[in-house]
Number of protein chains: 2
Amino acid sequence: MSARRSELTRAAARLFAEKGYHGTSVGDLAQALGVQKGSLYAHIQSKADLLWEVASEGAAAFHAALDSVPDEGPVIDRIRAALRGHLRVVGEQLDVATVFVREWRYLEGERRDAFVAERRRYEERFRALYREGRELGELRADLDDATAALLALSAVNWAYAWLRPGVDTDAIADRFTALLVDGMRGYNTP
Amino acid sequence: MSARRSELTRAAARLFAEKGYHGTSVGDLAQALGVQKGSLYAHIQSKADLLWEVASEGAAAFHAALDSVPDEGPVIDRIRAALRGHLRVVGEQLDVATVFVREWRYLEGERRDAFVAERRRYEERFRALYREGRELGELRADLDDATAALLALSAVNWAYAWLRPGVDTDAIADRFTALLVDGMRGYNTP
DNA sequence: ACTGGAGGCTAACGATCGTTCGGAAGGAGA
DNA sequence: TCTCCTTCCGAACGATCGTTAGCCTCCAGT
């Protein structure tokens with residue numbers, strides 16, 4: 001992929017995240033590159049191509065983050081690593097993550113189906129950590145692992161809305177993990 | 001407000017939630033009412049009016065839910081009530097809640113400013129519960145209440161994405177509360 | 001020196017966008 | 001019966017949408 005083409009993809013990620021897919025015109029994209037809008041079609045076949053590309057990039061980034069979580073070791077450590085990885089992707093590729101989380105639904109046809117499948121697979125991998133933790137006894141036996149995974153995943157999925165670039169995402173992930181693991185009950189509470 | 005006008009607002013909420021604000025045309029809205037698109041302008045001055053109306057309705061609903069949380073009593077009970085209230089709004093007014101959470105950013109000018117202020121005020125009220133809990137000693141003294149509130153609020157803000165109408169939102173809120181309060185650590189974990 | 005491809009230009013296409021307008025049907029109130 | 005108000009129609013407006021077409025320039029490879 002040429003350098004110019006990469007610029008276009010990055011501009012698309014930024015503008016789709018900022019103004020939404022339907023709120024971004026081909027003219028906007030062209031302006032971001034300092035070019036006439038017709039010229040973009042030397043690089044793409046349609047505007048939808050760009051959405052697909054950015055969404056796929058997001059899916060790849062989140063899966064890659066999970067790939068680097070070890071298969072063994074204390075489950076709580078792995079949960080912390082998964083949260084760290086997810087938040088790191090959001091923090092370092094905020095535009096791409098925003099499109100992955102919010103704009104994907106404007107995909108159409110089989111691209112949409114393929115995206116949904118990838119997304120579901122990611123959530124499954126995430127949830128498996130909690131199930132394994134319960135089965136191994138590292139998490140409480142009466143844990144509703146689906147709810148626990150939903151709570152954690154919701155928190156990080158929503159992160160694109162409040163995470164500002166440059167913050168220490170590892171520290172936030174660690175605080176989330178500590179809360180999820182130990183709770184917030186005080187000592188003088190029945 | 002006339003009955004017809006209310007129908008229009010409800011159709012707007014549904015379509016904005018389903019296809020997005022920019023993805024919904026005035027023609028789509030007219031079709032939902034079985035009417036020519038020009039006829040809608042007997043009820044509204046612009047399409048943006050509808051977005052503002054639905055977004056405001058959402059803000060009112062969420063604030064009303066918080067209003068019914070008592071000012072006194074055990075903080076944990078009040079946190080549970082707040083989560084119940086929030087999730088109940090999402091479950092019972094899914095379209096409105098979706099617009100409140102996701103489509104508000106297409107508001108423009110002072111309407112956008114006013115919405116953001118209302119939203120911030122809601123989050124502040126939510127966060128105050130956690131701060132009070134820590135100060136009263138009902139939540140652990142070393143609690144990072146901002147992080148705790150963020151975790152809880154993120155989970156319920158994201159709920160529009162996975163909550164299906166008709167489920168028992170109170171039960172989900174209770175499970176979230178239990179998790180947040182007591183954590184998920186197992187007994188044979190150091 | 002010649003060629004081919006990459007990248008950009010201008011101009012225009014048909015479609016659709018949100019909005020406006022004049023007129024008309026129909027019921028409610030006087 | 002007359003009038004007003006709500007609601008809608010049908011047609012049109014200018015603007016903007018995503019996309020296509022033909023042409024030009026520049027540069028790397030042969």
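Lettering of chains follows the sequences in order, A, B, ..., and the numbering in each one begins at 1.
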(request) Take the protein atom CG of B:Leu33 and the nucleotide atom P of D:dC8, then report the distance between them rounded to whole Å. (result) 7 Å
(message) From C-beta outward on A:Tyr41, which listed nucleotide comes closest to its side chain: D:dG18, D:dT7, C:dT20?
(response) D:dG18
(message) B:Arg84 and side-chain hydrogen bond (donor to acceptor under 3.5 Å, both in side chains): which single residue from B:Thr169, B:Thr177, B:Asp174 fits?
(response) B:Asp174
(message) Quick check for you: among D:dT19, C:dG18, C:dG8, whose closest atom lies nearest to any side-chain atom of A:Ala42?
(response) C:dG8
(message) If the cut-off is 4.0 Å, is A:Ser2 near the phosphate of C:dG7, judged by side-chain N/O to OP1 or OP2?
(response) yes
(request) Examine the side chains of A:Asp28 and A:Ser25 and answer whether a donor and an acceptor come within less than 3.5 Å of each other. (result) yes
(request) To the nearest Å, give me how far apart CG (B:Leu50) and C1' (C:dG18) are. (result) 12 Å
(request) Look at the side chain of A:Ser39 and decide which nucleotide, out of C:dC9, D:dA12, C:dA12, has an atom nearest to it. (result) C:dC9
(message) Output the rounded distance in Å from CG (A:Leu29) to P (C:dG8).
(response) 14 Å
(message) I'd like to know if the side chain of A:His22 pairs up with that of B:Tyr106 as donor and acceptor (distance under 3.5 Å, no hydrogens or angles considered).
(response) no
(request) Take atom CD of B:Gln45 and atom P of C:dT20, then tell me their distance rounded to the nearest Å. (result) 9 Å
(message) For A:Trp158 and A:Tyr160, take the angle between the two ring planes, folded into 0 to 90°, and tell me which bin it lands in: parallel under 30, tilted 30 to 60, perpendicular over 60.
(response) perpendicular
(request) Mind calculating the distance between CG (B:Leu40) and P (D:dC8) to the nearest angstrom? (result) 8 Å
(message) Rounding to an integer number of Å, can you tell me how far A:Gln31 CD sits from C:dG8 C1'?
(response) 16 Å
(request) Figure out the CD/P separation between B:Gln36 and D:dC8, and round it to whole Å. (result) 11 Å
(request) Output the residues of residues 12-27 of chain A in contact with DNA chain D, where contact means a heavy atom of the residue under 4.0 Å from an atom of the strand; sort by number or write none. (result) A:Thr24, A:Ser25, A:Val26
(request) May I ask you to verify if any side-chain N or O of A:Arg4 is less than 4.0 angstrom from the OP1 or OP2 atom of C:dG8? (result) yes
(request) Would you confirm whether the ring centroid of A:Phe100 sits within less than 6.0 angstrom of the ring centroid of A:Phe115? (result) yes
(request) Using whole Å, report how far CG of B:Leu8 lies from C1' of D:dC8. (result) 13 Å
(message) In this structure, is the centre-to-centre distance between the rings of B:His86 and B:Phe176 below 6.0 Å?
(response) no
(request) Please examine the side chains of A:Leu129 and A:Asp145, heavy atoms only from C-beta on, and report whether any two atoms are closer than 4.5 Å. (result) no
(request) From the options C:dG8, D:dC8, D:dT19, select the nucleotide whose nearest atom is closest to the side chain of B:His43. (result) D:dC8
